[in-house]
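Here's the structure, in structure tokens; my notes come after.
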Amino acid sequence: MKPGEGAVTSRGYAVDLIMLVGQSLARLLRTPSHSRRSIAARRGARHMLLVSAVLAAVIVILMVAVDAFEIGLMPPRGTPSLWPLKIVNDFGKSTYVLWALLALMVAVAVLLPRLAGASRAVMIGIGTRVQYVFLAVLVPVLAGEVLKGAIGRGRPFVGGAANPFNFSAFSWSEAYASLPSGHAITAFALAAAVSALFPRLRLLMFLYAITIGVCRLVLLAHHPSDVVAGALLGIIGALAVRYWFAARRLAFTIRPDGTIEPLPGPSWERVKRVARDAFAP
């Protein structure tokens, strides 16, 4: 019998798939069980408060002293030579990022019933990590959409002037959805989530996030303070979701001092072996 055979029981593929998805949701929603979760919560709260206080002060300074000056230096909106930045900019669009992550989750779910034993365990580990990254982006993005509509800050030059204090609270319109930057939320949440799982990728991921933020400024889609606010919300949202997973011993563990660290994931060789098992006839 080949490695993938026998994974789908007599219950049938569809029933097995539904049961596996249900088990995944149950694990995610179960009562926290990690004995050090309170220590991690206190440590995380202190760090989030410190980062939030510092960046909140930066946002205020940018709004008062920098925003109007910075957008006045940018090329006019719609400048033809900016087309490469528009392409790069799309890599921070929440719709594209979330759909890509959702597609990965669906792929894992579809393949799981075909696997058994160690191969299924490896795939579950992969699925848990993809699920974490998806939620780490989704949660702050949804929070950002609510804040955008409630705050109602006008985008650069909406109304004709470079006025960083052009607000129309609860307008829920695209023209008044500048604060916080949705692209920055997505990019920095994705960077924080991937870095939490793979610390060696931290520099690369945050270079990606900063690049997206710069694109939003050059394209006159946002003020600098919008981008910083989006970065703050994205990082805090990703860290909050990381705590949720760590408290349930999913993808992360908590050290005695409250530091959250990623659990060892499957090696590349094991991932390739599972892929062969999953697609074996």
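We use all heavy atoms of the structure for the numbers below, so side chains are in, but hydrogens, waters and symmetry mates are not.
Closest approach of G92 and Y208 over heavy atoms only: CA-OH, 3.9 Å. Shortest non-hydrogen contact noted between Y243 and I260 is CA-CD1, 3.9 Å.
Criterion: ILVMFWY side-chain heavy atoms under 4.5 Å apart, direct or through other members. Under it, V228 and V64 are part of a common hydrophobic cluster. M123 and I18 are members of different hydrophobic clusters when ILVMFWY side chains are connected at heavy-atom separations under 4.5 Å. Note on L62 and L219: same hydrophobic cluster, where clusters join Ile, Leu, Val, Met, Phe, Trp and Tyr whose side-chain heavy atoms are under 4.5 Å apart, directly or indirectly.
Note on ring orientation: taking the six-membered ring where Trp is involved, the planes of F252 and Y132 are perpendicular (angle over 60°, cut-offs 30° and 60°).
One finds the CG atom of L142 at 10.0 Å from the CD1 atom of I185 (value rounded to the nearest 0.5 Å). Atom OG1 of T259 is separated from atom CZ of R36 by 10.5 Å, given to the nearest 0.5 angstrom. Annotation: the span from W244 atom CH2 to L29 atom CG amounts to 6.5 Å, rounded to 0.5 Å.
With hydrogens and angles disregarded, a donor-acceptor distance shorter than 3.5 Å links the side chain of T186 to the backbone of G182. Checked by atom type and distance alone, the side chain of R129 pairs as donor or acceptor with a backbone atom of G125 at under 3.5 Å. Remark: the backbone N or O of V110 is paired with a side-chain donor or acceptor of Y13 at under 3.5 angstrom. In this structure, the side chain of S181 engages the main chain of A184 through a donor-acceptor pair within 3.5 Å. At distances below 3.5 Å, at least one donor-acceptor pair connects side-chain atoms of R30 with backbone N or O atoms of R248.
Residues meeting the salt bridge (Lys or Arg N to Asp or Glu O under 4.0 Å) test with R37, sequence neighbours left out: none.
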For residues 144-163, run the donor-acceptor check on the side chains, cut-off 3.5 Å, and write out each pair with its distance to 0.1 Å, sequence neighbours left out.
{"from": "K148", "atom 1": "NZ", "to": "A177", "atom 2": "O", "distance (Å)": "2.8"}
{"from": "K148", "atom 1": "NZ", "to": "P180", "atom 2": "O", "distance (Å)": "3.0"}
{"from": "R153", "atom 1": "NE", "to": "P164", "atom 2": "O", "distance (Å)": "3.0"}
{"from": "R153", "atom 1": "NH1", "to": "S225", "atom 2": "OG", "distance (Å)": "2.6"}
{"from": "R153", "atom 1": "NH1", "to": "D226", "atom 2": "OD1", "distance (Å)": "2.7"}
{"from": "R153", "atom 1": "NH2", "to": "D67", "atom 2": "OD2", "distance (Å)": "2.8"}
{"from": "R153", "atom 1": "NH2", "to": "P164", "atom 2": "O", "distance (Å)": "2.9"}
{"from": "R155", "atom 1": "NE", "to": "E174", "atom 2": "O", "distance (Å)": "2.9"}
{"from": "R155", "atom 1": "NH1", "to": "A221", "atom 2": "O", "distance (Å)": "2.8"}
{"from": "R155", "atom 1": "NH1", "to": "H222", "atom 2": "NE2", "distance (Å)": "3.3"}
{"from": "R155", "atom 1": "NH2", "to": "E174", "atom 2": "OE2", "distance (Å)": "2.7"}
{"from": "R155", "atom 1": "NH2", "to": "A177", "atom 2": "O", "distance (Å)": "3.3"}
{"from": "N163", "atom 1": "OD1", "to": "F165", "atom 2": "N", "distance (Å)": "2.9"}

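Around atom CZ of F69, no more than 12 heavy atoms belonging to other residues, nucleotides or ligands sit under 6.0 Å away.
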